[in-house]
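Here the structure is a predicted model, which means the values were calculated and not measured. These values consider heavy atoms only, across backbone and side chains, with no hydrogens, waters or symmetry-generated copies. Whatever order the structure lists them in is the order used to number ligands and atoms, beginning at 1.
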Amino acid sequence: MPVYHKLGQLPRKRHIAFRKPDGGIYNEQLVGNEGFTGPASLLYHIYPPTTIKSIRRIRDTAYQADPDQTLKHRHFKTAQIPEGGSPTLDRVPLLFNDDCAMLFVRPTVADTHFYRNAQADEVVYVSQGTGILESQFGDLPYREGDYLVIHRGIMHRFKMDPVPHRLLIIESRGYVRTPTRYRNDYGQIVEGAPYSERDFRIPTELRTYDEKGDFPIIVKQHNGLNELILDHHPFDVVGWDGMFYPWAFNIHDFEPIVGRIHQPPPVHQTFQGDGFVICSFCPRPYDFDPEAVPAPYNHSNVDSDEVLYYASSEFMSRKGIEYGSITLHPDGIPHGPHPGRAEASIGAKETNELAVMMDTFRPLKTAREALPIEDPKYQFSWIEAGAGFNPPTS
Ligand SMILES: [Fe+2]
């Protein structure tokens, strides 16, 4: 990603008069990043996107860190986060640094407002739920296992089906993209990468609303939420083209790379940000050398904090770790398999694990809101859990 895409009506060339049926001209808007040089799209609106009737700041969202900075492995149980609220306004911050943040929400109330994050790209991992991600670029249906990549500035709304939702949100200061090594000099995904362009889903149905009225738009900027009232429906786009739009990739479309002996976590890399990466641990055959130890070797994360989200509702047999668990293994303390796990893994043929990993290159802070869902015993689980504790595998 990205590839060039277009939907709806477009003029013959950019920046020329594009006439409406009534003789007026459509309102052209460039949406993109890095000024006028990064990935961008051109949108054609019925109404100007600038006709704002009022603005107010709703609340601050600056993340507050746990004052206890003791270095330790940590475990948080997102299943203990109560259901409720909005998919965009009621997210619980868990971990953060200056490059990225991880939040979680189990929303039950569909938004009536539109939302855009002006200070971060968002990767929304749909751990549970189905619906449609609506945007000015068209409808993008989503389902369980989807990563929804919503670049900064893209106005959108979650049209949730009436089913339980669990959304893991990763905010990124930098542009979220496929890893450089997965792309050739011409931008195409190379053979040997764990996915191809065919696996990416792009909005394919454009809905155009010609409605006047009061339409609230919530914009996250300057570590706060701001409400703008627009005097028309913001999804008034009749056509767009370019390389900047929301897109989806399902974790089950990630093709795991396996080897005769243990492959290190970078083979699971899925996305790249500035200062962090996102990896997908998917069901796969284990290492096939008879003497191979499929469980990971102990490792020290030099210059890397490692966060794992356990994403499978069918993967409940692991003692100590549950669906929705998040573990943080910080730089400065080694981690590895729990006692007995390395020996027990020899000869195992496959794993059904499903996990999303965020590796950050600068230390993470724990948000205060994560403390009520923390399992305080986790840091000693290598001593106390014994062979029964089945561990993170990264
Ligand atoms: Fe690890």
Side-chain angles (χ1 to χ4, degrees), residues 70-78 94-97 99-100 102 125 168 170 179 194 251 254 256-259 261-273 275-284 286-287 292-312 315 318-346 348 350-366 370 374-375 377-385 387 389-394:
T70 305
L71 181 67
K72 57 187 175 183
H73 295 319
R74 306 184 80 152
H75 175 206
F76 308 98
K77 297 183 173 183
T78 63
L94 301 173
L95 300 161
F96 65 96
N97 64 17
D99 299 316
C100 58
M102 178 175 279
Y125 177 74
L168 178 78
I170 295 172
I251 195 169
F254 188 91
I257 295 169
V258 298
I261 56 172
H262 193 83
Q263 298 293 300
V267 300
H268 305 281
Q269 189 179 352
T270 310
F271 302 109
Q272 176 177 331
F276 77 101
V277 300
I278 299 173
C279 301
S280 304
F281 290 81
C282 298
R284 62 191 183 278
Y286 264 147
D287 321 328
V293 179
Y297 33 88
N298 298 295
H299 49 285
S300 295
N301 287 356
V302 178
D303 291 337
S304 183
D305 277 15
E306 187 178 299
V307 181
L308 265 169
Y309 171 74
Y310 287 81
S312 174
F315 201 55
R318 294 190 163 184
K319 196 174 177 182
I321 297 290
E322 60 183 33
Y323 173 43
S325 282
I326 289 176
T327 55
L328 166 63
H329 298 144
D331 182 14
I333 315 177
H335 69 274
H338 281 82
R341 173 84 167 102
E343 180 73 41
S345 72
I346 297 172
E350 60 184 7
T351 174
N352 290 318
E353 71 181 357
L354 190 70
V356 172
M357 185 167 78
M358 180 179 84
D359 263 16
T360 69
F361 306 142
R362 291 197 281 183
L364 285 163
K365 294 175 181 172
T366 297
E374 182 166 18
D375 163 17
K377 298 179 180 175
Y378 181 68
Q379 57 190 306
F380 305 117
S381 61
W382 284 261
I383 290 287
E384 295 173 354
F389 197 102
N390 224 345
T393 57
S394 71

Legend entry - Exceeds 12 heavy-atom contacts within 6.0 angstrom, atom NZ of Lys72: yes
Inset, instruction - For His73 and Thr327, test the side chains for any donor-to-acceptor distance below 3.5 angstrom and give the result as yes or no. - result: no
Inset, instruction - Specify which N/O/S atom of His299 comes nearest to the Fe ion (ligand 1), by atom name. - result: NE2
Legend entry - Residue Ile261 excluded, over 12 heavy atoms near CD1 under 6.0 Å: no
Inset, instruction - Indicate the ring-plane relationship of Tyr297 and His262, choosing parallel, tilted or perpendicular according to the 30° and 60° boundaries. - result: perpendicular
Inset, instruction - Answer yes or no for His329: is there an N/O/S atom below the 2.8 Å cut-off from the Fe ion (ligand 1)? - result: no
Inset, instruction - Check Glu306 and report its N/O/S atom nearest to the Fe ion (ligand 1), by atom name. - result: OE2
